[in-house]
Number of protein chains: 2
Amino acid sequence: MSSTTLNARVLFNAVPQGVPIPGETTVYDSSQTIDLENHPLNGGFLVKTLILSIDPGMRTRMRKPEEKGYVPAYAVGELLEGFGVGIVLRSENPDVAVGQYLQGRGFLYQQYFALPSLPLGMFFLNRDPGVPLTTYVGALGLPGKTAWAGWKEFSRPKKGETAFVPSGASAVCSMVIQLAKLDGLKVIASAGSEEKVEYLRQIGVDVAYNYKNVDTRGVLEREGPIDICWDTVGGDALNAALDNAAVGARFLECGQMTILNKVGSRALIIENPMPTMGKGVSINFISSPLHIPKHLAEFNRTVPAALIKGTLVRSPEDVRHGLECVGETIRAVQMGETKGKAVVVVGEEA
Amino acid sequence: MSSTTLNARVLFNAVPQGVPIPGETTVYDSSQTIDLENHPLNGGFLVKTLILSIDPGMRTRMRKPEEKGYVPAYAVGELLEGFGVGIVLRSENPDVAVGQYLQGRGFLYQQYFALPSLPLGMFFLNRDPGVPLTTYVGALGLPGKTAWAGWKEFSRPKKGETAFVPSGASAVCSMVIQLAKLDGLKVIASAGSEEKVEYLRQIGVDVAYNYKNVDTRGVLEREGPIDICWDTVGGDALNAALDNAAVGARFLECGQMTILNKVGSRALIIENPMPTMGKGVSINFISSPLHIPKHLAEFNRTVPAALIKGTLVRSPEDVRHGLECVGETIRAVQMGETKGKAVVVVGEEA
């Protein structure tokens, strides 16, 4: 006896020139089906995808295969892959039980997929029923862990210092802002809408402004100098922050949104390096595979409890439904249009 | 009774567009005289200049006054100022004794000059007769202290790692190379002549090559990846090193010779930032006023003794004579033509 079920998926279709275009950079494909009861496992296990994360960093994988990078490039014609949450439906692998929740990297952008064993970066998840499932791709997933690890590795905060977090309403940045406030810092942060600016104020930002109406350079000249900058955007905001850096300032670089979607050269340009050199600034690139393992035990001891207790709050989520909206969500994330951490619900738990 | 003595000097004359031009960027002026016995001191003291350093960093001060910088810009029509060694000829200041040697910053590029009190960065020098006077602007002066402080602050060396020092034959870099070898590192270094390459081998460089004949990128692909890069040049060498950086690599930025003498934009450009981001590299700008004080006590306990013992060796010196050659020496330093630390002997000790 066999029955077939739709097994929709999202394929990488073409390397984008600038911002990824839904239907062109990626395509939704509903031509596949799967027999859930009889699909051959060959000693492996079958995963039902529940949640997929749409991370800003997916853009770095949408490159030509000959371009080097730390995370592998997506191959044209193959499935997208990234961070998610899933549940095991069937298993022939003695280490993996049916009903087990899984979290982390290595999720294919498909409703159901088989794996021989746990890939690097995918972990068993002890689901806390008090926490929404989407939290495991947000504050308790890569964004939260990246924020925690980068902050612990490089920030060296001193009470009374000033931190600047441009485009601060993202999942990563909102965790950073809360860590900075817990460390006793004055925090300056920007966002692209009044709604996000209001959210920044709610999580404790001292100087919150809309970068579409207010000049960053002017704000930093008045409210700086900057001791710590958590930068996910690069470009003008990075250069304004460098020009307003304090002596001995630490820059934590966690993505370069303005570079990734540029057509043509993607060079990182420091316009006016001489004062930066003189001020002894350090510019530190955060690598989640490198830095998270070092700080994960402390994260696990601290952050889940703090979220339940309310010392830390989850960032807003922009929850969308169905694999067919993955392409549009990728575009919206790159354009900064999403209202919080972008998550796609692919399957139901029950 | 009075007698006049020539008091030659070097003036900053015009902001250079690219490499400083002797006689145009700076001018030698022999129109001044001084009455050494009767020159009014007004409670201060009179210094005879013995040694002046021609530092690569002097170029950063040859900028328009409106350009910001950590070290003040030279004013057109005023004396050059920088690092030197001198001796006190006369004093009305009870804290400063006749015959006292002085070392550090705040030296005017003139044969004799009066000061009211010790400027910031100028120190009394307990002269060791076993050490040539020029050492106090080299291994025991700013270059040696900068190398020491930057290395201690940012390198975090692990035995067996690989360091890369482009243009490694300078006073700063030759100290860095020796510190790296003492820490058990493999060292790759380049220079612009066979003579300098041979010197690099003598101080322990494992892979020494002439960058005028050998492609840096090829060397780093064969001999890398690079865990630590001590960079005084920027540009292509920096980008080749970033592209061949190991995961978690530390870059120590100590000047950007290729940028300083560029006509037009002086932006620092990282051509291919995405792999650098993924590898969690940190880029640390060394600021001698910020970092030297933190590590000076350990320097003073260690380096003078190591030089006398021979554990550390002084870098070669390019010793020139007379203030009239300052302009040409500044040009030669910026062009990498000097054979070791550039020093101008201005006066005799006796």
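For the numbers below, each heavy atom of this structure counts, side chains included, while hydrogens, waters and symmetry mates do not.
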How far does CG of A:Leu268 sit from CG of B:Leu242, to the nearest 0.5 angstrom?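 Going from the CG atom of A:Leu268 to the CG atom of B:Leu242 covers 10.0 Å.
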Inter-residue atom distance B:Ser282.OG - A:Glu253.CD, 0.5 Å rounding: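 It is 12.0 Å, given to the nearest 0.5 Å.
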Provide the closest heavy-atom pair for A:Lys279 versus B:Ser287 in the form atom of the first, atom of the second, distance.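 Closest approach of A:Lys279 to B:Ser287, heavy atoms only: C-CB, 4.1 Å.
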Looking only at non-hydrogen atoms, find the nearest pair between B:Pro273 and A:Ala267 and report the distance.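 Closest approach of B:Pro273 to A:Ala267: CD-CA, 4.2 Å.
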Given the options A:Asn272, A:Thr276, A:Ile286, which has more heavy-atom pairs under 4.5 Å with chain B than any of the others?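 Of A:Asn272, A:Thr276, A:Ile286, A:Thr276 has the most heavy-atom pairs under 4.5 Å with chain B.
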Can you find a pair of side-chain heavy atoms, one from A:Val281 and one from B:Ile283, that are under 4.5 Å apart?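 Result no, sub-4.5 Å side-chain heavy-atom pair not found.
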Toward chain B, the part of A:Glu271 with a non-hydrogen atom under 4.5 Å: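 Interface part for A:Glu271: both.
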